[in-house]
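I have a structure here, written as structure tokens, and I will follow up with some questions on it.
Atom set for the values below is all heavy atoms of this structure, side chains included, hydrogens, waters and symmetry mates excluded. The chains referred to below are lettered A, B, ... by the order of the sequence lines, with proteins before strands, and numbering in each begins at 1.
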2 protein chains.
Amino acid sequence: MASETSKSVGFEQHDHDVCLETAIKAAEAYCDRFKLQFTPLRRKVLEILLEEHRALGAYAILDLLRESGLGSQPPVAYRALSFLVEHGFAHKIERLNAFVACALPDTLHSPAFMICRKCDIVVEAQSPSSSFDLSATAIATGFDIEQTILEAEGICHSCVEKVPA
Amino acid sequence: MASETSKSVGFEQHDHDVCLETAIKAAEAYCDRFKLQFTPLRRKVLEILLEEHRALGAYAILDLLRESGLGSQPPVAYRALSFLVEHGFAHKIERLNAFVACALPDTLHSPAFMICRKCDIVVEAQSPSSSFDLSATAIATGFDIEQTILEAEGICHSCVEKVPA
DNA sequence: ATATTAATGATATATTATAACATTACAAGT
DNA sequence: ACTTGTAATGTTATAATATATCATTAATAT
Ligand SMILES: [Zn+2]
Ligand SMILES: [Zn+2]
Ligand SMILES: [Zn+2]
Ligand SMILES: [Zn+2]
């Protein structure tokens with residue numbers, strides 16, 4: 001296959017082959033370390049997300065899986081995606097009902113994204129902190145934020161009281 | 001009908017009748033001011049959201065609409081919800097595919113929510129600013145945040161260049 | 001009154017996601 | 001190697017969420 005050495009990601013160019021390989025190797029190492037099964041299916045889905053470098057819906061991913069002969073029914077894609085999200089290799093963009101490879105794998109972070117309403121490109125902010133201020137990233141990348149929504153999931157005090165775990 | 005004078009909202013008690021009436025009157029005034037049609041259907045959907053004071057899915061809302069004789073098909077609910085969201089009377093909680101009445105109507109704000117993963121109660125943070133720090137609100141209300149996601153929608157610089165508007 | 005626009009009604013269908021159960025691969029202990 | 005339990009995948013069916021389209025009615029403006 002042809003080897004493209006650079007590709008536009010976020011708003012910048014980068015060596016995409018290296019980027020993809022690095023991410024896959026990192027996932028491999030992580031799974032190794034934590035005794036997780038980085039199966040061909042899971043690897044392929046992560047590769048798809050890394051290759052595209054933008055948010056893809058489950059059914060778009062499923063189409064690509066079908067082409068490569070790995071699975072063809074919705075649960076196959078959703079299960080692989082669950083695994084990737086659960087272990088921090090990917091995120092779900094709720095607003096788009098779509099999934100994107102994590103730009104900061106192996107790093108503890110609260111994901112924050114900038115999503116273009118025209119082209120649906122998704123850029124993950126590089127701020128590992130939990131206090132959110134996208135303005136710097138937005139300015140740096142030339143992204144014009146129009147509206148923002150923060151959704152925090154957790155447990156309310158009345159639910160904590162009700163049950164042990 | 002029976003008049004309940006207080007109801008648990010967020011994590012506190014409040015006079016719910018007053019709360020509901022105030023919000024409806026505010027919406028009425030706003031629509032009046034901006035020549036928007038606050039139709040019986042739209043009013044009813046807002047009332048439903050205010051009454052429940054938690055996130056409701058479109059189909060749950062539709063069931064309640066049906067009971068009151070106002071519309072029974074999905075587009076009816078979705079159109080009313082679009083109107084309410086568009087004009088800031090309600091928000092969509094993407095994570096839940098559900099809708100909630102805005103707690104700060106008529107106030108310019110970037111919505112931020114705390115969502116309990118057990119009971120799905122949704123509390124809108126009272127911070128009108130766009131820099132997000134939920135920790136204060138979380139501590140004050142006894143909510144234990146487990147994970148947070150920020151999604152900013154806007155337009156990337158390459159899309160801005162492509163078109164006039 | 002009439003034209004224009006906005007809202008609603010109604011039917012059909014698209015899109016996203018999961019439940020349930022069968023089968024296969026893997027890991028661990030014997 | 002054999003058994004046993006567990007995890008992953010295959011497969012079918014269906015649930016839940018959302019929109020496209022066109023017909024009808026209501027509101028607004030000229
Ligand atoms: Zn990430
Ligand atoms: Zn764009
Ligand atoms: Zn609000
Ligand atoms: Zn709760």
Report the C-alpha separation of L41(A) and L65(A) in whole Å, then their side-chain angles, then the decisive distance to 0.1 Å, and conclude whether the side chain to side chain contact (heavy atoms under 4.5 Å, CB included) test is met.
CA-CA 8 Å; L41(A) 177 64; L65(A) 280 181; 3.9 Å; yes
Quick one: closest heavy-atom pair of E124(A) and H109(A), and the distance?
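Heavy atoms of E124(A) and H109(A) come nearest at OE2-NE2, 2.9 Å.
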Grouping I, L, V, M, F, W and Y whenever their side-chain heavy atoms are under 4.5 Å apart, do I145(A) and I139(A) come out in a common cluster?
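They do not share one cluster, since no chain of ILVMFWY contacts under 4.5 Å joins I145(A) to I139(A).
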Please state whether the rings of H53(B) and H16(B) are parallel, tilted or perpendicular, taking 30° and 60° as the class boundaries.
tilted
CD1/I155(A) to CD1/I121(B) distance, rounded to the nearest 0.5 angstrom?
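One finds 12.0 Å between CD1 of I155(A) and CD1 of I121(B).
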Among dA17(C), dT12(D), dT17(D), which is the nearest nucleotide to the side chain of Y59(B)?
dT17(D)
Pull out every residue in residues 27-44 of chain B that has a heavy atom closer than 4.0 Å to any atom of DNA chain C, ordered by number, or say none.
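The stretch gives Q37(B), T39(B), L41(B), R42(B) as the residues lying under 4.0 Å from the strand, ordered by number.
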Can you check the L62(A) CG to dG10(D) P distance for me, whole Å?
11 Å
For the residue pair L46(A) and L84(A), what are the closest heavy atoms and their distance?
N-CD1, 3.7 Å
Please work out which residues in residues 65-74 of chain B have a non-hydrogen atom less than 4.0 Å from an atom of DNA chain D and list them by number.
P74(B)
Any side-chain heavy-atom pair of L36(A) and R42(A) under 4.5 Å
no
Determine the minimum heavy-atom distance between I48(A) and I61(A), stating which atoms define it.
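In terms of heavy atoms, the two residues are closest at CD1-O, 4.1 Å.
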Min side-chain heavy-atom separation L134(A)-M114(A) under 4.5 Å:
yes
At a heavy-atom distance below 4.0 Å, what parts of residues 78-99 of chain A sit against DNA chain D?
R79(A)
Using side-chain heavy atoms (C-beta onward) and a distance below 4.5 Å, is E67(B) in contact with L64(B)?
yes
